[in-house]
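Computed from a predicted model, the values in this text were never measured in an experiment. The basis for the numbers below is simple: all heavy atoms, side chains too, and nothing from hydrogens, waters or symmetry mates. Just so you know, ligand 1 is whichever comes first in the structure, and atom 1 is the first atom listed for that ligand.
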Amino acid sequence: MRGARKRISCPEKDIAALQKKPVPPRPVSTDFVEIAPAAAVAVAQHGWRAKCLQRLVRLDLPVPRTVALPAGTVRALAAGQAVDAAGILARTGALVSVRPSPVNPEWGGPGSVLNVGMNAARHAEIRKTHGAAAADALYLRFVHSYATHVARLDPDAFALDPEPGALGHALTLYQEETDEPFPQDPARQLAEVLRSMARAWEGTSARLLRQAKGAPPDAALGLLVQEMAFGIGPGLSGSGTIQFVDGVTGSPRITGRFRGQAQGRAASVETLYLTRDPRGASLEEAAPQIFAELVAHGAACRARLREEMQIEFVVESGKLRVIDALKVTRSARAGVRIAVSLAQDGVISREDAILRVEPRALSELLHYQVDPRAPRERIGRGIAASPGAATGRIVFTAAAAQAAAARDEPCILVRRETGPEDIRGMHAAHGVLTERGGITSHAAVIARGLGLPCIVGASGIVLDQRERTLRAEDGRLLREGDTITIDGSNGEVLLGAAEMLAPALDDGFRTLLRWADNVRDIGVRANADTPDDARTARLFEAEGIGLCRTEHMFFDEDRLTVMREMIFADTSRDRRIALERLLPMQRADFLALFDIMAGQPVCIRLFDPPLHEFLPHDREGMRELAEALDRPLSEVTRRVEALSEFNPMLGMRGVRLGITMPEIYDMQARAIFEATVEAGRRGAPVVPEIMIPLVSASREVELVKTRIDAVAGAVRTEQKAQFAYRLGVMVETPRAALRAGEIAQHAAFLSFGTNDLTQMAYGLSRDDAGRFMGSYVMQQVYAEDPFHVLDVEGVGELLLIGAGRGREGRPDVTLSVCGEHGGNPESIAFCRAAGFDYVSCSPFRVPVARLAAAHFALLDRPTS
Ligand code: PEP
Ligand code: MG
């Protein structure tokens with residue numbers, strides 16, 4: 001019998017039994033509610049749109065009768081259960097629209113279906129009352145929706161243009177394609193439309209789309225069945241939307257359109273402006289009464305729904321109906337302005353205004369723009385996907401972006417398109433440019449979320465990922481490392497570093513942040529190394545500088561040579577002579593910072609990196625150095641080799657340099673104190689803070705402190721001036737955290753350097769982790785990149801131990817975080833809960849940190 005099919009036996013009597021067995025009737029759900037002021041309508045069950053409509057009904061707006069189906073009913077529908085469609089139509093009338101109502105408007109949902117209930121009989125009736133064209137248009141629209149959404153026929157085959165004969169053609173086509181006439185029973189039509197929408201919600205692509213917007217896997221959908229308001233008919237008829245604020249700026253302005261003889265957002269030949277307009281006719285002039293009603297409804301929504309709403313309305317033969325309303329879609333800037341003006345008008349509290357603005361959204365307001373007056377050399381163009389401009393070196397991979405960030409080198413991540421594996425790289429980049437994609441592609445969505453300037457779909461440029469080149473529109477070839485500027489506000493890719501304008505921060509922004517400052521209970525300082533950084537820190541109202549990395553001051557060409565002379569000095573005396581040349585430059589650096597910060601605290605970290613970083617690494621560089629120092633090349637090469645380390649991050653750096661070559665810290669301390677005296681003489685006294693990096697033993701602090709005290713004493717005597725200063729320690733080795741009690745006895749403050757602390761707690765190189773971080777996060781080895789979001793379980797425990805022991809050792813010790821985590825909202829929550837005094841982050845993250853800190857303070861308030 002090999003190969004023969006086994007016959008499945010089915011005796012005659014079994015078939016008879018099956019045939020006789022009655023098919024159980026499908027259960028019919030009657031779980032729905034008519035939206036009325038007192039009806040039990042809940043967002044969790046019926047969705048946001050149902051709740052919003054109920055609020056409009058309570059405000060007495062002319063909302064057509066509406067029935068809401070809860071999520072349970074919709075789920076049952078998708079699973080094959082029936083719904084009492086006739087019962088619904090008995091409440092709404094026989095001609096209805098069906099709209100989705102998810103719990104969160106961001107989650108989308110299937111498209112609305114209008115004119116459910118249209119059939120031959122109703123068509124004939126409407127023909128009499130509204131004319132043939134209106135009747136055809138209404139019916140045709142429904143046939144189109146039903147054919148494509150319910151019967152799943154090709155939408156292109158069903159015309160939407162109500163040309164003569166189009167309706168007949170659509171009905172015939174429907175019958176040919178489905179082998180049955182177009183259904184005439186409104187209850188059946190409604191049941192099928194509801195089922196198709198319920199199933200569409202369960203579809204894989206809809207699920208993925210909404211999950212990308214934060215919806216949970218079991219996100220619920222409610223459905224609304226609403227009595228149809230025609231926008232077509234005799235007299236003034238049409239549909240439109242109106243809003244009372246500008247969605248980009250948030251300032252008061254009526255915008256929208258009224259489309260005469262049209263339903264939904266369909267095109268119309270009779271479009272009217274809403275307000276008087278020199279370009280054409282307006283609703284305000286054509287129907288002043290209706291316009292006035294709309295304005296009144298808008299004001300009622302604002303006052304009672306406590307929100308700026310966009311109203312969707314229909315005018316049916318001169319009668320206004322409000323069919324829907326939703327929160328005005330707004331830019332981050334408009335979001336701030338709207339929240340502030342609602343609070344200023346007493347509609348919401350200041351606390352509500354603060355909580356309404358997502359801290360990360362602020363970063364969208366903060367970015368640089370390319371100066372429109374400056375020359376620009378355009379090499380490509382794409383879709384402006386996320387605002388702001390950024391300059392950086394081209395990198396072609398996420399790993400390269402992370403490596404650049406670790407070197408503190410701004411970069412632009414250039415990809416064909418991005419995917420989830422690029423997210424870490426996007427975090428690290430200053431801007432993103434993709435060859436493909438549109439406004440909602442991955443790169444665009446993620447970059448907007450991050451407030452990162454981004455251009456997508458720059459199809460005129462050609463990438464060669466393997467060769468690591470980019471061919472510009474005009475054929476020029478750029479390589480990895482070349483500098484470009486992307487203007488995410490207008491989509492232009494520019495060659496080189498364009499001139500930039502600082503962000504324009506409006507009154508709303510400042511007001512909101514001042515309110516935030518009044519409620520937050522943790523300080524926010526900025527990490528600022530240069531006068532420019534310090535000015536940005538002031539602009540964003542940081543409460544001082546929490547970390548000035550002084551080594552960045554030595555990389556200017558003139559200083560680098562002196563620095564190298566100092567490194568090559570054979571004796572302490574020679575080293576001192578070289579440092580004396582650096583002293584006035586350092587003094588000027590610090591004085592500039594003190595001047596800009598005008599009395600606010602400035603925390604200066606003493607020299608931290610390995611000296612090797614200041615030396616050339618190639619032969620050419622060494623030859624030049626030999627020339628500059630007037631020494632033989634062989635000697636220079638030998639010295640450079642001698643200074644190189646197997647593990648420079650764990651080698652001769654930070655306080656270890658301070659102990660073994662104390663002249664460097666002596667010079668820096670002197671520069672700080674002399675600048676302090678000078679600032680005092682200029683009438684802006686300052687109490688400088690001096691921070692010792694990479695401490696791991698309290699004796700290190702003792703030794704450095706003794707020398708710095710001595711320098712302070714000397715400067716006081718020489719200058720005949722008095723000044724105070726605070727000496728603190730950077731806690732960035734695990735041992736410093738564990739020994740914080742002892743260390744704090746010599747330190748007025750402890751500032752946790754969570755970058756190095758993370759590196760050392762994990763044994764994870766800051767500069768190399770980018771290579772595998774994506775894979776680690778994807779496989780959930782780490783929930784997040786710990787260099788980006790503080791690892792509260794491990795590194796966090798070191799922070800808590802360090803803070804606790806530090807306080808025991810010195811109850812008034814000031815505690816702060818100055819690693820990158822200082823600007824991350826989740827990490828701020830941790831520091832705040834641990835009772836830290838302040839966080840310090842890059843200047844551009846200061847506003848986000850201020851607002852996030854206020855959020856946590858408000859959310860932590862006891863509810864009365
Ligand atoms: C740190 O280690 O957290 C820190 C702020 O210092 P740097 O990043 O300069 O090492
Ligand atoms: Mg460090």
Under the side-chain hydrogen bond (donor to acceptor under 3.5 Å, both in side chains) rule, collect the residues that match up with Thr391, sequence neighbours excluded. Thr485
Any residue meeting ring pair (Phe, Tyr, Trp, His ring centres under 6.0 Å) with Phe554, in chain and number order, not counting sequence neighbours: Phe607
Between Tyr368 and Phe844 (judged by ring centroids, cut-off 6.0 Å), do the two rings come close enough to count as a pair? yes
Looking at the Mg ion (ligand 2), is there an N, O or S atom belonging to Glu732 that lies under 2.8 Å away from it? yes
Please output the residues near ligand 1 using a strict heavy-atom distance under 4.0 Å, listed in chain and residue-number order. Leu547, Arg549, Arg605, Met730, Glu732, Gly753, Thr754, Asn755, Asp756, Arg766, Cys818, Gly819
Arg525 and Glu543 ion-paired at < 4.0 Å: no
Under the rule for side chain to side chain contact (heavy atoms under 4.5 Å, CB included), what residues qualify as partners of Pro616, not counting sequence neighbours? Arg564, Met622, Leu625
Tell me which N, O or S atom of Asp756 sits nearest to the Mg ion (ligand 2). OD2
Salt-bridge criterion met for Asp860 and Arg832 (N-O under 4.0 Å): yes
Can you tell whether the side chains of Arg535 and Asp533 come within less than 4.0 Å, N to carboxylate O? no
